[in-house]
*Asks:* 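Can you read through this structure? Questions will come right after.
Every number for a ligand or one of its atoms is a count from 1 in the order of the listing.
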Amino acid sequence: MATMQPNQPFLADVQEIRRRARQHIEKGAVTEGYKADLETVLRLLNEALATEIVCVLRYKRHQFMATGLEAQAVAQEFAEHAAEEQSHADQIAQRITQLGGEPNFSPDGLLTRSHSEYVEGATLLDMVKEDLVAERIAIESYSEIIRYLGDNDPTSRRLMEEILAKEEEHAEDMRNLIERVGKAGL
Ligand SMILES: [Fe+2]
Ligand SMILES: [Fe+2]
């Protein structure tokens with residue numbers, strides 16, 4: 001295919017697009033123009049899904065194990081993050097089914113599929129540090145997924161970009177909490 005010049009009008013072969021749209025309608029949103037390697041995208045999205053589920057579980061554990069002077073405020077923050085990770089998991093699972101795949105919710109191998117780790121942490125400070133580490137892992141691996149998707153699957157890329165922005169906020173929240181908990185000597 002020739003590279004499009006900036007001043008050239010957009011010329012799509014509408015007849016051809018119409019013809020192709022009628023083929024393989026069982027594939028739903030995935031058309032012949034889908035440029036990414038579907039199998040790889042589904043694997044990466046399932047890894048992101050596992051990452052989110054592990055993050056939900058870790059934040060939930062921390063929510064109920066938070067003790068000390070700052071416990072209530074910190075537990076509240078953990079609870080909010082758990083809910084947001086759950087919503088990320090839902091959005092990713094929905095995109096997987098939209099692409100004709102199956103979201104993997106199996107507890108079997110969950111930690112292997114996940115990029116982030118499940119560390120319980122002995123003290124409140126340990127917990128917050130572990131959460132920050134997990135967010136930093138998610139930030140790096142989602143950034144790589146986004147670079148991989150490039151222009152080949154803009155919808156999945158946009159979803160992962162939105163989630164990445166949220167993980168960056170989470171990391172900032174945890175960094176601020178480390179200071180607060182550190183000052184309180186917990
Ligand atoms: Fe998340
Ligand atoms: Fe997060």
*Asks:* Let me have the donor-acceptor pairs involving side chains of residues 18-30, under 3.5 Å, with sequence neighbours excluded, atom names and distances please.
*Replies:*
unit_1 : atom_1 : unit_2 : atom_2 : d
R19    : NE     : E16    : OE1    : 3.1
R19    : NH2    : E16    : OE2    : 2.9

*Asks:* Please determine whether a side-chain nitrogen of the Lys or Arg among E47 and R113 lies less than 4.0 Å from a carboxylate oxygen of the Asp or Glu.
*Replies:* no

*Asks:* Distances under 2.8 Å only: what protein N/O/S atoms are near the Fe ion (ligand 1), ordered by chain and residue?
*Replies:*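 Hits for the Fe ion (ligand 1) below 2.8 Å: E52 OE1, E52 OE2, E85 OE1, H88 ND1, E167 OE2.
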
*Asks:* Between E161 and R157, does at least one N-O distance fall below 4.0 Å, as a salt bridge requires?
*Replies:*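 Looking at R157 together with E161, the answer is yes, because their closest N to O distance falls below 4.0 Å.
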
*Asks:* Side chains of E135 and E172: closer than 4.5 Å at any heavy-atom pair?
*Replies:*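 The answer is no; the side chains never approach within 4.5 Å.
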
*Asks:* By the definition side-chain hydrogen bond (donor to acceptor under 3.5 Å, both in side chains), identify the one residue from E84, R136, R175 that meets it with H170.
*Replies:* E84

*Asks:* Considering only NZ, NE, NH1 and NH2 on the basic side and carboxylate oxygens on the acidic side, decide whether R180 and E70 come within less than 4.0 Å.
*Replies:* yes

